[in-house]
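Remarks on the structure that follows.
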Amino acid sequence: MKITKIEISHHRLPLDPPFRASWDTRPRTQFDAVITRVETDEGLVGIASGDMMVGFAGHEHLFIGQDPMAIERHYRVINNINFHYGRCWPLDLALWDLAGKITGQPVWRLIGGLNSKVRAYASSGTLRNPTEMAELAQRFLAQGFQAMKVRFHRGDWKDDIKALEAVRKAVGDQLTLMVDCNQGWRMSWDTATPWTLKDAVQVARELERLNVYWMEEPLHRGDHKGMAELRQMVDVRIAGGEMTRELYEFRMLIENRALDILQPDAALVGGITGLRRVAMLAAEHNTTFTPHTWTNGMGVVANAHLTAGLTDGLFLEFPFDPPEWSLERRDFMMAETFKVSSDGWIQLSDMPGLGYELDEEMLKKTRIG
Ligand SMILES: [Mg+2]
């Protein structure tokens, strides 16, 4: 079997009302998705989405005519493109989807088969007032979620604490709570400086008081020493690494004992092929591996296969904050939305590959290139 074509298409969903993501200073009035399809001479097609495939155009010939199962070879080429041009990791995910279809196996089984399910945590995305946050938490609890992530970005972290206190008061210990401080990176137009170590320590002590399970991105992503010191100073687990770009940086984060929880996203960094190395290295060092998944539904699915199949994954991020971030918006490119079951777990199917299908009609309607 040979790869005959790689097709990239661009789609845009208008968002009215807009989505006000806590980590973005601008309201989002549209949501873009790029679909990558790898076609073969035997009619099987691997599909994936997640990142924008910036820098891929002109590199198709490096894959056409190749054996689709030579995933390690393809990973090395994508990694070289990543260095010279841009992040094209959805191609690796599409190749795994294709490998699953060729072998008749779901990806979670192909990469290890450890588990076919993973527990989800509801990852909220907007900054609501304390009363609304408490209501949201109660809705998540009623829907079966066992854990929820709360965003901090209201300007004064004391206001963030008030929202967290309201959530804790509303649900007691029935939900495991995580907090995302989003200090690791910024949108292109956001010039704010990240917290200092002393800022982070003050917040971390409050999170300990409220029994928060992990504190995410308390410092700039490159401040390994700061994160390692913070880990020494407080008991709350420190999480990060969602936008770390290179696999060797994950090795350094692990070796520097900078994080308790490592959060690379297969749709943004390394694909499944790269991140399975990171997941193994993390396990060898007693560091928890659980991916960031905030791209779109297809990205969530790919990370779910990686986490379930290869790790004892504690929780997987499930981006969900209706109405602004509904499953219909997040998964608009998929024939069916990707759901969490009523007990708060994500159950993966036995369908070959990544087990999802595209909503071709919607893709036609939203196509911009
Ligand atoms: Mg995050």
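Just follow the structure's listing: the first ligand is 1, and inside any ligand the first atom is 1. As the structure is a computational prediction, the values presented were derived from the model and not from experiment.
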Exercise. Between F332 and H11, is the gap from one ring center to the other below 6.0 Å?
Worked result: no
For this session: Tell me which N, O or S atom of E216 sits nearest to the Mg ion (ligand 1).
Result: OE2
Problem set entry | Shortest-distance N/O/S atom, E242 versus the Mg ion (ligand 1) | OE1
Seminar exercise, completed: With sequence neighbours left out, the residues meeting side-chain contact (heavy atoms from CB on, under 4.5 Å) with A282 are I254, L262, T287, F289
Seminar exercise, completed: For the Mg ion (ligand 1), the nearest N/O/S atom on D180 is atom OD2
For this session: May I ask you to check whether F56 and W89 place their ring centres under 6.0 Å from each other?
Result: no
Exercise. Do W345 and F315 have ring centres separated by under 6.0 Å?
Worked result: no
For this session: For the Mg ion (ligand 1), decide whether E317 has an N, O or S atom at a distance under 2.8 Å.
Result: no
